[in-house]
Amino acid sequence: MRQSHALIAGAGIGGLTAALCLARQGWRISLFEQAPVLEEVGAGLQLSPNASAILRGLGVLPHLEHAALRPQELVLRRARDGASLIRLPLHEAEHLWGAPYLLAHRADLQRALLETLALHENISLRLGSTVAGFASGADGVRIVVKHGQIKSTFEGDCLIGADGVHSLVRGRLLEASQPLPQTKRELCKRTAWRALVPAELASTEMLKPRTNLWLGPDAHLVHYPLRQGTVVNVVAVIKTRPSTDSTQTFWAGIGDPAELAQSFTTWAEPARALLAAAPQWRTHPLLDYPPFPTWCAGRVALLGDAAHPMVPFLAQGAAQAIEDAAMLGHVLAEPLTGTQTIETALVTYQKQRYARASKVQAASRRQATIYHLKGPAALARDTVLRFSNPERTLAGYGWLYQVQNYPQDELT
Ligand SMILES: Cc1cc2nc3c(=O)[nH]c(=O)nc-3n(C[C@H](O)[C@H](O)[C@H](O)COP(=O)(O)OP(=O)(O)OC[C@H]3O[C@@H](n4cnc5c(N)ncnc54)[C@H](O)[C@@H]3O)c2cc1C
């Protein structure tokens, strides 16, 4: 039997995981990444059990765990004095949902995925290769790939657009399927500022194995240690200044610390000290889209941020990309049976994933409003948090952290 061949645009967390999920189902994979090298971009990622279970099933966790940290708790704090509002026992995650809650550097996760990829002969990764167009027909998909000035074409049985929030594949696919006025409603109300603070510049309190989430008016701050406590990952989210260019590429912006400090003048000293210790800030405008009307057409499907970009207030963008990849591998398991075709399998993939990803998108957006409350509304939020039961509050995230829809044998 001829081996099916998947073309994947983008070797981010979503594209790499999709390659692994399809390879284990017997597919041959050609993965195209526009970047000439997969470098140390990004910063920390929180990997909740719904994602870590899938990574474990793919054999990625052994390549990651030495570089990842298991947080004991998530502490929510009040901005003005740092008072703890609630402490959620994240160390319970494995007991509650069967897989660990992990903190990892994005580059470490990418490296762990690449190391696992290297064990598969049926995956080829082409760097410096930008997918510039595609045509999908009844028998397959043809893509145009640019390497500098040189253009080549490749053919496969399907194309997965895992090419991120500014996805070319999505642009072409939606153009081809139906007009989409609501994509114009993309919003950029907030900007994330990210930095890694070396341990020697951070207080010992900041190096404890916990995720800290500070809530303030129109802003919030997240920090946690990474890489065996050698650095502290810091993310500060503030309102977008009018000058911010929402078209800038992922991680590309360099932030002015004085501009950031203006948003934190009323915050407790430990928070301001941590911000002041950051050697460099990268800015990332947070784009907020409504769900797109479709993720697939014919033999082409979207995955990860290309399919459902979301604001990072539930720390779920990468996790949802990983869930997409698992479902894609599941529906495209070879051989397709009965009347199933690649086209119908991709429709099933969308059906299985669309409602959940849209729900996470909406919940992330709601969380943004809650985090950034001010005045009496913030006081009410803080009072509710202080009197909430930590175990029950954490258990309330079961809908998100519980792995759904995948056969257990793919998760062991
Ligand atoms: C501040 C912040 C904090 C976050 N924290 C978390 C967190 O804690 N947990 C979590 O789960 N998620 C988090 N996320 C979200 C997460 O980073 C993203 O959702 C995730 O990386 C998306 O993965 P992806 O593979 O879909 O897209 P990307 O990571 O954007 O990868 C897309 C890849 O495609 C490549 N590409 C683009 N166009 C082309 C083309 N035409 N041809 C070939 N290659 C192309 C790009 O170079 C890139 O490598 C956070 C995001 C932000 C901004």
Side-chain angles (χ1 to χ4, degrees), residues 7-19 30-39 41-48 50-52 54-55 71 74 101-107 109-110 113 125-134 143-147 159-172 188 190-195 211 213 220-222 224 226 233-238 249-253 281-288 302-325 357 360-361 364 400-401:
L7 310 169
I8 300 180
I13 305 303
L16 291 168
T17 314
S30 299
L31 187 51
F32 301 88
E33 168 56 48
Q34 66 183 6
V37 279
L38 291 178
E39 51 190 357
V41 288
L45 281 178
Q46 304 186 58
L47 284 172
S48 46
N50 50 317
S52 69
I54 293 166
L55 295 176
L74 164 63
Y101 199 105
L102 297 174
L103 304 174
H105 193 290
R106 186 176 182 269
L109 175 56
Q110 202 167 39
L113 288 163
L125 170 61
R126 293 180 161 80
L127 297 173
S129 303
T130 303
V131 175
F134 64 85
I143 63 171
V144 178
V145 176
K146 277 199 209 159
H147 329 257
L159 168 65
I160 307 304
D163 49 346
V165 66
H166 300 296
S167 170
L168 171 132
V169 177
R170 180 183 71 231
R172 301 281 163 87
C188 180
R190 298 183 179 91
T191 304
W193 293 57
R194 308 184 85 168
T211 300
L213 167 58
H220 79 274
L221 173 67
V222 179
Y224 46 81
L226 279 180
N233 180 67
V234 188
V235 182
V237 178
I238 57 173
T249 55
F250 209 50
W251 315 117
W281 288 100
R282 295 246 173 190
T283 59
H284 180 63
L286 302 181
L287 302 181
D288 187 13
L302 304 172
L303 179 145
D305 277 5
H308 42 68
M310 57 185 71
V311 286
F313 297 80
L314 280 175
Q316 279 294 309
Q320 292 303 306
I322 290 168
E323 284 197 20
D324 289 345
V360 180
Q361 262 182 320
S364 303
L400 188 56
Y401 296 160

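Remember, it's 1-based here, ligands and their atoms both numbered in the order they're listed. In what follows, every heavy atom counts, from backbone to side chain, and hydrogens, waters and symmetry copies are set aside.
The distance criterion of under 3.5 Å between nitrogen or oxygen atoms is not met by Thr130 with respect to ligand 1. Between Gln46 and ligand 1, an N or O atom pair is found at a separation short of 3.5 Å. Considering backbone and side-chain atoms together, Val131 places an N or O closer than 3.5 Å to an N or O of ligand 1. Among the atoms of Gly304, none of the N or O lies under 3.5 angstrom from an N or O of ligand 1.
Under 4.0 Å from ligand 1, the heavy atoms of Ala192 that appear belong solely to its side chain. Only the backbone of Ala162 comes within 4.0 Å of ligand 1, counting heavy atoms alone; no side-chain atom from C-beta on gets that close. Only the side chain of Pro312 comes within 4.0 Å of ligand 1, counting heavy atoms alone; its backbone N, CA, C and O stay farther away.
Near Ile13, meaning under 4.0 Å from one of its heavy atoms, ligand 1 places the atoms 25 (O).
Atom-to-atom distance recorded for Thr17:OG1 and Leu113:CG is 4.5 Å, nearest 0.5 angstrom. We find the CG-CG distance between Asp163 and Leu168 to be 6.0 Å, quoted to the nearest 0.5 Å.
Checking Gln316, Glu33, Arg194 against atom 5 (N) of ligand 1, the nearest heavy atom belongs to Arg194. When the heavy-atom distances from atom 25 (O) of ligand 1 to Ala11, Ser129, Gly14 are ranked, the shortest goes to Gly14. Around atom 53 (C) of ligand 1, the closest heavy atom drawn from Gln110, His308, His284 belongs to His284.
Contact check for Val145 versus Arg126: no side-chain heavy atoms found under the 4.5 Å cut-off. Looking at Leu74 and Tyr101, their side chains never come closer than 4.5 Å, going by heavy atoms from C-beta outward. Side-chain atoms of Ser364 and Gln320, non-hydrogen and from C-beta on, never get closer than 4.5 Å to each other.
Within the structure, the closest approach of Ser48 to ligand 1 does not fall below 4.0 Å when heavy atoms are considered. The closest approach between Gln320 and ligand 1 stays at or above 4.0 Å for every heavy atom of the residue.
No donor-acceptor pair closer than 3.5 Å links the side chain of Arg194 to the backbone N or O of Asn233.
The aromatic rings of His220 and Phe313 sit tilted relative to each other, their planes meeting at an angle between 30° and 60°.
Taking both residues in full, the closest heavy atoms of Ala162 and Ile8 are given as CB-CG2, 4.2 Å, listed atom of the first, atom of the second, then distance.
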